[in-house]
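Notes follow once the structure below has been shown.
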Amino acid sequence: MNRILVRLLTNKRSIKIKLMSTAILDSWAANHPVTQQDKAAMAAMRAMVEPNKGRMQGTAARATFDGIMNRVNAPLGVTFHEDTLGGVSGWWCRPASVRPGNAILHLHGGWFNWGTAQAFCHLVGHVAAEAQVEAFIPDYRLAPEHPFPAAIEDAEACYRELVSRGKRLIALTGDSAGGGLALALLSIATTSASLGGVIPVGAVVLSPVTDLTLGGESWESRAAADPYFTQTQAAGLVKAYLGTTASTDPIASPLFGNLAGLPPVSVHVGDAEVLLDDSRRYVERAIAAGVDAKLDVWEGMPHGFLGGVGNFGASAQALEAIGEFLDERFTEASA
């Protein structure tokens, strides 16, 4: 009888723990169901892109990648112009109405091997417009010509220049590989006085690459669902970027860094992408370290779905959520 009672109490305790865990998860993770309209639009998109899955490799893919990003619908009321920050060229995205003295530093995606600031102007322009804050996109040096740590060094140089220009409220944003760079820069800027002593107000990252060991379970569970990338393809691009650096280096792979003390972080990721666990595990570790972090998972959405603004309802919803997060961060920091 006592054994039965102990077993019942143990089972109740387990159930209670599970319910508490679910409540904790619900507090920092949001799942967004896919709409029928987005399902139809996604099916059409998949029919176009899946035949080329995994084929973009090396420097030969740069023009194709930029062509894809150039097709993002242009944001209304945003102007673009070139500039140089800290010796790094790039492009500003300026909405018609901006918060004076505030800035966003966006680090673009492209697996550390592809991408230009100009090609990302439309995507970042949407983020800038939602936040009503001007955003700078640096043309950080790319691998394999410039392996790690060239890209993060360029990001640091841009951040220092923003501070020297009087920007005291700075948010970091980034997508894919650039999301990983943004999270690495967030840690550096939070803990190091070398970046002018100005701590970012927060960070928003889209499907960030946080684990260059490619150890996330979603590399298998989402291998068929992801319309763009394969693990073999990614491994080659990562190798070109890392050179002789270990894949567990916390600046190269933010998942393995010390996340304690970071400003608020917002992460958006599609459910149909191999990088899902790079986002999920990073936020889990950030929460465990006491960071105000949140994960938004968009069902049915692939990598880079935010670039589908104007075609996918989920893209517009995610942009609105990003704008609200950034507005809150800048408002609280200026109070």
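A quick note: this is a predicted structure, and the numbers were derived from the prediction, not measured. We number each residue from 1, following the sequence as shown.
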Closest contact, heavy atoms only, Asp139 versus Thr116 = OD1-CA, 3.3 Å
Hey, quick one: are Phe80 and Leu319 part of the same hydrophobic cluster, counting side-chain heavy atoms closer than 4.5 Å, chains of contacts allowed?
-> no
Considering all heavy atoms, the nearest Pro227-Ala272 contact = CD-O, 3.9 Å
Looking only at atom types and distance, does a side-chain atom of Asp278 sit under 3.5 Å from a main-chain N or O of Asp211, one as donor and one as acceptor?
-> yes
Can you get from Met48 to Met69 by hopping between Ile, Leu, Val, Met, Phe, Trp and Tyr side chains that sit under 4.5 Å apart?
-> yes
Do His303 and Leu275 touch side chain to side chain, with heavy atoms closer than 4.5 Å?
-> yes
For Lys53, does the NZ atom have more than 12 heavy-atom neighbours from other residues, nucleotides or ligands under 6.0 Å away?
-> yes
Polar side chain donor-acceptor pair, Asp271 to His32, under 3.5 angstrom = no
If you take all heavy atoms of Gly54 and Gln233, which pair is closest and at what distance?
-> CA-OE1, 3.4 Å
Same cluster or not: are Val78 and Val133 linked, directly or through other Ile, Leu, Val, Met, Phe, Trp or Tyr residues, by side-chain heavy atoms under 4.5 angstrom apart?
-> no
Could you tell me whether Lys294 and Glu328 have a side-chain N and a carboxylate O separated by less than 4.0 Å?
-> no
One should read off an interatomic distance between Thr191 OG1 and Asn258 CG, to the nearest 0.5 angstrom, of 8.5 Å
Co-membership, hydrophobic cluster, residues Trp28 and Leu186, 4.5 Å side-chain = yes
Spell out, as yes or no, whether a donor-acceptor pair under 3.5 Å connects the side chain of Asp38 to the backbone of Gly313.
-> yes
Can you check whether Gly86's main-chain N or O pairs, donor with acceptor, with Arg160's side chain at less than 3.5 Å?
-> no
Shortest non-hydrogen separation from Ser247 to Phe256 and the atoms involved | O-CE1, 4.2 Å
Same cluster or not: are Phe325 and Tyr282 linked, directly or through other Ile, Leu, Val, Met, Phe, Trp or Tyr residues, by side-chain heavy atoms under 4.5 angstrom apart?
-> yes
Are His268 and Leu306 side-chain neighbours, meaning at least one heavy-atom pair lies under 4.5 Å?
-> no
Taking the six-membered ring for Trp and the full ring for Phe, Tyr or His, determine whether the centres of Phe65 and Trp111 are under 6.0 Å apart.
-> no
Mind listing the closest non-hydrogen atom pair of Phe136 and Cys158 along with its distance?
-> CE2-SG, 4.0 Å
Do other residues, nucleotides or ligands put more than 12 heavy atoms under 6.0 Å from Glu220 CD?
-> no
Can you name the nearest heavy-atom pair linking Ser334 to Leu169, along with the distance?
-> CB-CD1, 3.7 Å
Does some side-chain heavy atom of Leu172 sit less than 4.5 Å from a side-chain heavy atom of Tyr159?
-> yes
Which is it for Glu134 and Arg165 under the salt bridge (Lys or Arg N to Asp or Glu O under 4.0 Å) test, yes or no, and what are the steps along the way?
-> CA-CA 14 Å; Glu134 59 182 356; Arg165 291 190 183 189; over 6 Å; no
Validation row: Thr190, Pro263 side chains within 4.5 angstrom (heavy atoms) = yes
Taking the side chain as every heavy atom from C-beta outward, state whether Leu107 and Pro138 have any pair of such atoms under 4.5 Å apart.
-> yes
Ile137 CD1 to Cys93 SG distance, which is reported to the nearest 0.5 Å = 3.5 Å
Aromatic plane relationship, His108 with Tyr140 - under 30° parallel, 30 to 60° tilted, over 60° perpendicular = parallel
Do Arg285 and Leu255 touch side chain to side chain, with heavy atoms closer than 4.5 Å?
-> yes
Pairwise distance OG(Ser207) to CE(Met301) - rounded to 0.5 angstrom | 11.5 Å
Residue pair Glu284, Arg280: steps toward the salt bridge (Lys or Arg N to Asp or Glu O under 4.0 Å) verdict | CA-CA 6 Å; Glu284 286 176 349; Arg280 181 182 291 149; 5.4 Å; no
Mark yes when over 12 heavy atoms from residues, nucleotides or ligands other than Lys167 sit less than 6.0 Å from its NZ; otherwise mark no.
-> yes
Can you measure from OG1 (Thr230) to CD (Gln57) and round to the nearest 0.5 angstrom?
-> 7.0 Å
